[in-house]
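Okay, so here's the structure we're looking at.
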Amino acid sequence: MYLAPDKIPVSAKSVTMVDHQNKDTLIINIGEHFQPVFKSKNGDTAELPYNVESVLFENTKGNRLNGWIIKPEEGYNGTTILFLHSNSGNLFTQYQEVLPLVKNGFSVFIFDYSGYGFSQGKATRDNVLLDATAALSYLQSRTDIKKEHLIIYGQSLGGHLAINLAARNQDMIDGLVTEGAFSSHKDIAAETAGFIGRIIVAEKYSGLESVRNFHKPVLIIHSTEDETIPFEQGEKLFANANEPKTFLKIDKCHICGLSFYPDEILNAINKLLLQVN
């Protein structure tokens, strides 16, 4: 119900993707340490306005995880974003979500949870929290990455996860952004399976509880037309969040904000950064 991983065999040599930004097909060749090399459909190296570094790190269980550090070719604005993707797909299907952020000067670290993409281990709710914690620690350990500000941005399951990660590590970050996040495991279980779902699903960790304990700037984004996570759950998170906080109400599909409302989201993030002490 919560996790739908898309695993890639470690022997894979290439992945074919559609570049929605440029309406083109990309052939992504896989090199050492899963380093992606982007090619156009005619075999030429793609000229991209960003650089991708594939990295490997481990969670506390010893699962080797794969992530990408995506940096703008020029115009870095000093803010790095740890991006927690949704419950399905993998880096290759999810990375295009962050490109509007990179285009506007943000450096983004996006990674695959245990059992996703090239990452080892099993996809479980316990593991994804360990994975996110390991990703934050890894990012902080990279002294070669300039981080004037560091924020966490999570979508859907990643949004709920981001709240819990942020509350546990708020001294390490400057702010939190969620998009299309559910308020708790029990709340979304009840939405799917009624009161039976609320009874039988263990909470594990609650975004609603954690957001009450987070005391840095918060931006909560949710679509009124979200058919996956009810809009009311975003409102519930916002009502329980501490100041300074902002609620950005958008329309369109679940976690489509960066595709349809990039300017509004970027403006809201920049305002969040102004609230950092």
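- The aromatic rings of Y113 and F111 sit perpendicular to each other, their planes meeting at more than 60°, with 30° as the lower class boundary.
- A donor atom on one side chain and an acceptor atom on the other are not found under 3.5 Å apart for S88 and D6.
- Electrostatic pairing of K204 and D126 counts as a salt bridge here, judged by a charged N lying under 4.0 Å from a carboxylate O.
- H149 pairs in a side-chain contact (heavy atoms from CB on, under 4.5 Å) with only one of the listed residues (N77, V276, I173), which is V276.
- Ionic pairing of E203 and R125 is not present here: no N-O contact between side-chain nitrogen and carboxylate oxygen is shorter than 4.0 angstrom.
- Judged by distance alone, the side chain of S54 and the main-chain N or O of H33 form a donor-acceptor pair under 3.5 Å.
- The stretch residues 33-138 participates, sequence neighbours left out, in no disulfide (SG to SG under 2.5 Å) pair at all.
- The local environment of CD in Q170 is crowded, with over 12 non-hydrogen atoms from other residues, nucleotides or ligands closer than 6.0 Å.
- The aromatic rings of F231 and H222 stand perpendicular to each other, their planes meeting at an angle above 60°, with 30° marking the opposite boundary.
- Applying the side chain to side chain contact (heavy atoms under 4.5 Å, CB included) criterion to S14, with sequence neighbours excluded, gives I27, N29.
- Under 3.5 Å, the side chains of S114 and D131 contain a donor-acceptor pair of N or O atoms.
- Shown here for H160 and A181, the closest heavy-atom pair between the two residues is N-CB, 3.6 Å.
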Just distance, no hydrogens or angles: give the donor-acceptor pairs under 3.5 Å from side chains in residues 254-261, sequence neighbours left out.
unit_1, atom_1, unit_2, atom_2, d
H254, ND1, D226, OD1, 3.1
H254, ND1, D226, OD2, 2.7
H254, NE2, S156, OG, 2.9
Y261, OH, D251, N, 3.3

